[in-house]
Student: 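Please find one structure pasted underneath; my questions will follow.
Since this is a predicted model, take the numbers as computed values, not measurements.
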Amino acid sequence: MKGHKGWLDIPIMAAPRGKPSSKRPLWILVLISLVCLSLIVVYLHPPQQYSSCYLLSKVCDHLDYWLPPVPARVLTDEELISKAVIGDILSMQFPHKKSSKIAFMFLTAGSLPFEKLWEKFFLGNDGRFSIYIHSSREKPIHVSPLFIGRDIRSEKVSWGQISMVDAEKRLLANALKDANNQYFVLLSDSCVPLHNFDYVYDYLMETNISFVDCFEDPGPLGAGRYSENMLPVIEKKDWRKGSQWFSIKRQHAILLLSDSLYYTKFKLFCKPAMEGNRNCYSDEHYLPTLFNMVDPTGIANWSVTHVDWSEGKWHPKLYRAEDITFELLKKIKSIDENFHVTSDAKKVIMQKPCLWNGTRRPCYLFARKFYPEAIENLMNIFSNYTDF
């Protein structure tokens, strides 16, 4: 037995193999080394027509293609609920009917100086509109029977505070109780109509988007108002700015009232006199940022309410009685491009055509800011020109 060799004692011969192919990996390493060396040389000594930063950015673009994707962030319970609710709302259909109405929502401090003008605008269109008035300081005195009994429960509104957004939501909540209200227009006490009712009704009812002003401003009055306390729900890249005077479809009105996730971030971290001596105004950022994040293709990115900021002041141009002419209103009505200007040192002007269902059309249905003294001139123009 000692001389017997077990199977463990038998030398195991390796299976014949081909010669290892070391050339291929070696050539790959050499090729990668040459590419890297070339990139370094080009970066250090770039051609005159290209900068080093430009070439490096191009290299990074190609590297991003090969890098593994960044894992998705785990959403909180609040984010999951918000995502589910908003997704369900956006999938709803709200077909327009013959009984469909536009809700005109007036956000004012007291009485409306242009009630008689609006009365002329509304007359003859019963069943196609509804009126809601939020007066934050004093009970309005109405001069038109169309406005009597249209006041809602109101609370104090402070300029630049979240209470402005609260008032907007309060108006929407009252208007949404009427199932026939399919479009919702926010107006101030200094707003006037630019067209007759039929034109406005068709303009809003015959499109499937909302008119919410929205643009990206990298300057101190735009991105400079963003707070990192809004992370991770709202990132700086999603931050937008725009006028508060919106005109939105029913679907988006319901979405606004259902939102608490994004609203809470603005309530806590977007207000005047924040850290670093910065000011943030929720009424200028909440709606643009929200819709940019949840339904960017569902808004037109401009407001149908015209306002003139060309004077470069902290407030828009104010129209007095002597300013009111047929030519002025005709000029505003004919504008078919919307403008935005960044607040940084570059003052970049962003100019885009107003596309309505893919067709270029005039941008504005309403205009502000008009002094109360302008009422007589406005009434005269509306009474004597048939195209209004």
Student: For the residue pair Asp178 and Ser130, confirm or rule out a side-chain donor-acceptor distance under 3.5 Å.
Tutor: no
Student: With side chain to side chain donor-acceptor pair (under 3.5 Å) as the criterion, how do Asp259 and Tyr286 come out once you've worked through the C-alpha distance, each side chain's angles and the decisive distance to 0.1 Å?
Tutor: CA-CA 11 Å; Asp259 172 54; Tyr286 171 55; 2.6 Å; yes
Student: Within the supplied structure, the quantity of interest is the number of heavy atoms (other residues, nucleotides, ligands) at a distance under 6.0 Å from Glu373 CD; does it exceed 12?
Tutor: yes
Student: Indicate the ring-plane relationship of Phe121 and Phe366, choosing parallel, tilted or perpendicular according to the 30° and 60° boundaries.
Tutor: perpendicular
Student: Is there side-chain contact between Lys271 and Ile162, with at least one heavy-atom pair below 4.5 Å?
Tutor: no
Student: With a 4.5 Å limit on heavy-atom distance, are the side chains of Ile332 and Leu194 in contact?
Tutor: yes
Student: Taking the side chain as C-beta and beyond, is there a heavy-atom pair between Lys249 and Ile209 under 4.5 Å?
Tutor: no
Student: Please tell me whether Ser82 and Glu79 have a donor and an acceptor in their side chains that are separated by less than 3.5 angstrom.
Tutor: no
Student: Determine whether the aromatic ring centres of residues His252 and Phe291 are separated by less than 6.0 angstrom.
Tutor: yes
Student: One pair to check against salt bridge (Lys or Arg N to Asp or Glu O under 4.0 Å): Glu155 and Arg170. What are the steps and the verdict?
Tutor: CA-CA 9 Å; Glu155 294 187 11; Arg170 198 170 295 119; 3.6 Å; yes
Student: What do you reckon, are the aromatic ring centroids of Trp118 and Phe106 less than 6.0 Å apart?
Tutor: yes
Student: Looking only at heavy atoms, what is the nearest atom pair of Ser260 and Thr264, with distance?
Tutor: O-OG1, 2.6 Å
Student: Does the side chain of Gln244 pick up a donor-acceptor pair with the side chain of Glu284 at under 3.5 Å?
Tutor: no
Student: Does Arg137, at its CZ atom, have more than 12 non-hydrogen atoms belonging to other residues, nucleotides or ligands within less than 6.0 Å?
Tutor: no
Student: Could you go through Lys116 and Glu119, starting from their C-alpha distance and side-chain angles, then the distance that decides it, and tell me whether this counts as salt bridge (Lys or Arg N to Asp or Glu O under 4.0 Å)?
Tutor: CA-CA 5 Å; Lys116 297 301 291 185; Glu119 179 185 52; 2.8 Å; yes
Student: Could you check whether Arg150 makes a cation-pi contact with Tyr132, meaning its NZ or CZ is under 6.0 Å from the centre of the six-membered ring and within 45° of the ring axis?
Tutor: yes
Student: Is there a side-chain contact between Met230 and Cys270 (heavy atoms, below 4.5 Å)?
Tutor: yes
Student: Is there a salt bridge (Lys or Arg N to Asp or Glu O under 4.0 Å) between Arg225 and Asp217 once you walk through the steps?
Tutor: CA-CA 10 Å; Arg225 294 172 174 174; Asp217 179 4; over 6 Å; no
Student: Heavy-atom distance under 4.5 Å between the side chains of Pro113 and Asp189, does that happen here?
Tutor: yes
Student: Within a reach of under 6.0 Å around NZ of Lys83, are more than 12 heavy atoms found that belong to other residues, nucleotides or ligands?
Tutor: no
Student: Checking His340 against Asn301: is there a side-chain donor and acceptor pair closer than 3.5 Å?
Tutor: no
Student: Can you check whether Phe215 reaches Met350 side chain to side chain, under 4.5 Å on heavy atoms?
Tutor: yes
Student: Going by atom types alone, do Arg368 and Ser188 pair a side-chain donor with an acceptor below 3.5 Å?
Tutor: yes
Student: Tell me, do Ser247 and Leu186 make a side-chain contact under 4.5 Å, heavy atoms counted?
Tutor: no
Student: Measure the acute angle between the ring planes of Phe211 and Tyr183, then classify it against the limits of 30° and 60° as parallel, tilted or perpendicular.
Tutor: tilted
Student: Any side-chain heavy atom of Thr108 sitting closer than 4.5 Å to one from Ile133?
Tutor: yes
Student: By ring pair (Phe, Tyr, Trp, His ring centres under 6.0 Å), which residues pair with Tyr226, not counting sequence neighbours?
Tutor: Trp239
Student: Do His134 and Asn174 meet the criterion of a side-chain donor-acceptor pair at a distance under 3.5 Å?
Tutor: no
Student: Flag yes if Leu261 and Ile81 sit in one hydrophobic cluster, no otherwise; membership is Ile, Leu, Val, Met, Phe, Trp, Tyr, and two members link when side-chain heavy atoms are under 4.5 Å apart.
Tutor: yes
Student: With sequence neighbours left out, write down each residue that passes ring pair (Phe, Tyr, Trp, His ring centres under 6.0 Å) with Tyr263, or none if nothing qualifies.
Tutor: none
Student: Is there a salt bridge (Lys or Arg N to Asp or Glu O under 4.0 Å) between Lys241 and Glu216? Walk through the geometry before answering.
Tutor: CA-CA 6 Å; Lys241 182 181 179 180; Glu216 186 174 6; over 6 Å; no
Student: Taking only residues two or more places apart in sequence or in another chain, which ones pass side-chain hydrogen bond (donor to acceptor under 3.5 Å, both in side chains) with Asp77?
Tutor: none
Student: Indicate whether the side chain of Thr342 and that of Asp344 have a donor and an acceptor atom separated by less than 3.5 Å.
Tutor: yes
Student: For Tyr281 together with Trp159, are the ring centres under 6.0 Å from each other?
Tutor: yes
